[in-house]
Amino acid sequence: MSCQSEERWGGVSMIRAACILRAGFRTPRWAVCLSGCLLALVTAVAWAIPAPQDMATRGAVWLRLPDGGHVQAWSLGTDVRIRITGPLAQVEVVQRFRNPGSDWGEGMYVFPLPADAAVTRFRLRVGQREIEGRLLPRKEARARYEAGRNTGRRTALLEQGRPNVFSVALANLGPGEEITAVLSYQQRIALRDGTYSLRFPLVVAPRYLPPAAAATATDTVRSLPPYSTRAGEVPGMEVAPANPVRIEVDLDAGIAVTGIDSAYHAVTVEPVARHRHRVILADEAVPAHRDFLLRWRPVLGPRPEPAVFRERVGDETYTLLVLYPPDLSAAGQQVPPRDLVFVVDTSGSMAGKSLEQAQAALVMALERLGPEARFNVIAFNDVVTTLFPDVRPVSTTTLARALAFIGGLKAEGGTDMRPALAYALATQSPPQRLRQVVFITDGAVGNEAELFGVIRQRLGRARLFPVGIGSAPNGYFMRRAAVIGRGTPTFIGDRSEVRDKVAALLARLSQPAFVDIAVHGTGAGTGILPRPVPDLYRGEVITLTLREDAQSGGVTERLNIEGRFGETAWSKEVSLTSARAAQGIRLAWARARLASLMSRYHEAGEPDERQRLRREIVAFSLRHGIMSRFTSFVAVDVTPARAGAVLKTGGVPALLPQGWTGTGVGLPQTATASRLHLVLGLSLALLALMLHVLRPGRCGGAP
């Protein structure tokens, strides 16, 4: 067969390519064949056996044995029970593990929680026995876990790797045995655009670390699992469980509510009592590949009264105040002149539905711009691409260029947010114009602290509005960036939500915000949080927490809240004497205080100051019983269970977020380069084989 006869599909065949290469390169056949086979063999081994560092820092998802083999992953089932009382949610997460192998095992499971979760309890259930966990400094907890593991005791360790990523390590689970880990936490529920929503994250989305940040990242920053591209599959492994999750919600809002539904899961809503409902999944269980979002709307009068809750613990009084703003429509305010900068993430993790949602959101936002606005569009992945050097007035020409720019966006590369944030905030608008930066991303980054620093340094008078795209956005980054950026976060989990949520966001942006908010009250002192009070936008509420000590001035009876919107001053006096007794207010204040301390820790430049703040955080965490990055829960059984048998390391698989593609993010990260090298090596081996079988003269010359 001649080279010419191989051109069957209008292209150059593999044999013709081999002919060309042989004509241009005189490398011996045996050398090409040997190098290709060796490269394929080495990369295949590297792919199949993750490095020890990867097992330690990325969740130990593969069940690797000391001899280099693998066993089936541990099964996992999760039950989530949520009790909502007014503005607070008490959540219990029950994780069930089973060792299906014939060896004693140690495993780890990496999972998400809300970034504002106040984790207050952790325990193990072994048969009919319950082992209560202790909150200790992180190093001490790890030492106790290792001591229990090495002496054959059943033991578990709950650690926080990131503000919204946690891990449970379990040791000494016998063949066929089952064990249950139970953790409890509390969180506040926000009202936005007249709707309360509670998001329970079900998947840890992959995170991108820029090379400079990856070089200095700690294990807690890197601590993420490899991923499966579809339910029941783990790359490089046999079929593994799909992480079934069951969810039950007891909703007692304290007032009449309507419109109870779940955005992304079918649910059944059952009335239980006045203002109380039971919500369960319509399906018995769902895979852990997209977040659960429950929504409900309070039935409010034309002038809703403030909601005040109090809890007394010893000599201390804790108050939670939910304040509704006045009706902005009565203010007669016109849309102020604005400069809107739209920044969109086009990295590989946005491939598929996420980018489609982002494009739809951008198009709709541009179509709704008024003549008072100027705008620009910035796209980023590894590099930053801009529509204009800076904002331009709205016109037929500029909008046409923008729509063409948006339509040509493609998802590829890494999520390097820093240059994009710096560019968007580099220019300050004139005092008479509002500069509003809308940042559209899934937040799949690992260098959040660095990005928060950029926002603090460059924000100026601008405001930042993060828009979380996809089935599992990085809620911690979205909410914290909004707090620092004096804006509000928006989450879009489905293309069908784009119109309503973008319309609500633009409505907020077009109205003057309540700014320069100050709170005064006798006895409040420095115990009021958050401080400073953030800006307030239409359809939202102010939620404040206070801590007071009866021995140092008594309990505050009234608060005076002042602020302005546009040029109009506004004030409100709130009586606290009619506060409803409630549990969990102390934890709500303590969690806000802990977040404030962590923010100061990340901002501290001097090592001595960081060490001082770290000691303060540990002491505060232990005093209030709330887990932090520097404290962990450990539970150790008193009776040894394993004696003499070898302990084998294992883990639990995680699923990619729904709508993500493995090719878009190149997962697992440690295997991406290896897979490429493997394909290259096999290609070289195949090419060498064809060169070997080609007889002299087939390519038009001697070998």
Side-chain angles (χ1 to χ4, degrees), residues 85-88 116 118 186-192 194 196 253-255 298 300-328 330-331 483 486 488 512-566 568-597 599 624:
T85 305
L88 298 176
D116 61 344
Q186 176 182 288
Q187 71 175 117
R188 290 192 304 187
I189 305 169
L191 176 72
R192 179 159 297 127
Y196 279 108
I255 57 175
L300 302 173
R303 294 181 177 274
E305 292 299 317
V308 185
F309 303 87
R310 262 185 172 162
E311 180 181 22
R312 288 182 172 83
V313 181
D315 292 333
E316 297 174 335
T317 299
Y318 298 88
T319 303
L320 186 144
L321 169 66
V322 181
L323 179 66
Y324 299 87
D327 187 1
L328 283 174
V483 170
R486 307 291 293 275
T488 57
F514 283 86
V515 297
D516 299 334
I517 300 174
V519 182
H520 308 284
T522 304
T526 59
I528 189 167
L529 292 170
R531 184 178 293 273
V533 179
D535 293 348
L536 179 64
Y537 296 86
R538 189 176 73 171
E540 299 180 353
V541 295
I542 296 175
T543 301
L544 303 173
T545 56
L546 292 81
R547 172 189 174 275
E548 302 167 281
D549 192 330
Q551 298 179 353
S552 58
V555 178
T556 301
E557 296 184 355
R558 291 183 179 274
L559 286 179
N560 187 59
I561 302 175
E562 301 174 345
R564 62 178 178 84
F565 53 96
T568 305
W570 170 82
S571 64
K572 176 77 173 181
E573 188 176 74
V574 180
S575 173
L576 305 182
T577 57
S578 59
R580 293 173 51 187
Q583 294 182 345
I585 310 302
R586 178 185 68 85
L587 291 178
W589 176 86
R591 184 64 186 85
R593 173 64 176 164
L594 189 61
S596 176
L597 289 171
S599 178
H624 290 273

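Values reported hereafter were calculated over all heavy atoms of this structure, with side chains retained and with hydrogens, waters and symmetry mates removed.
Considering every non-hydrogen atom in both Arg586 and Glu311, the closest pair reads N-OE1, 2.8 Å. Among all heavy-atom pairs drawn from Tyr196 and Ile189, the shortest one is CD2-CG2, 3.8 Å. In this structure, Leu546 and Trp589 approach most closely via the heavy-atom pair C-CD1, 4.0 Å. When all heavy atoms are compared, the tightest approach of Arg310 to Thr319 is NE-OG1, 2.8 Å.
Separating the CD atom in Glu548 from the CG atom in Asp315 is a distance of 13.0 Å, to the nearest 0.5 Å. Note that CD1 of Ile561 and NZ of Lys572 are 9.0 Å apart. Values are rounded to the nearest 0.5 Å. Atom CG in Asp116 sits 10.0 Å away from atom CD in Gln186 (nearest 0.5 Å). Here the straight-line distance linking atom CZ of Arg591 with atom NE2 of His624 works out to 13.0 Å at 0.5 Å rounding.
Residue-environment remark: CD (Glu573) exceeds the threshold of 12 foreign heavy atoms within 6.0 Å.
Residues Arg558 and Val574 have side chains not in contact (no heavy-atom distance under 4.5 Å, counting atoms from C-beta outward). No side-chain heavy atom of Val519 sits under 4.5 Å from any side-chain heavy atom of Asn560. In this structure, the side chains of Arg547 and Glu316 come closer than 4.5 Å at one or more pairs of heavy atoms.
Arg188 pairs by the side-chain contact (heavy atoms from CB on, under 4.5 Å) definition with Leu88, Leu320, Thr543, Thr545, Ala588, not counting sequence neighbours.
At a cut-off of 3.5 Å, with distance as the only test, no side-chain donor of Ser575 or Glu557 sits close to an acceptor on the other residue.
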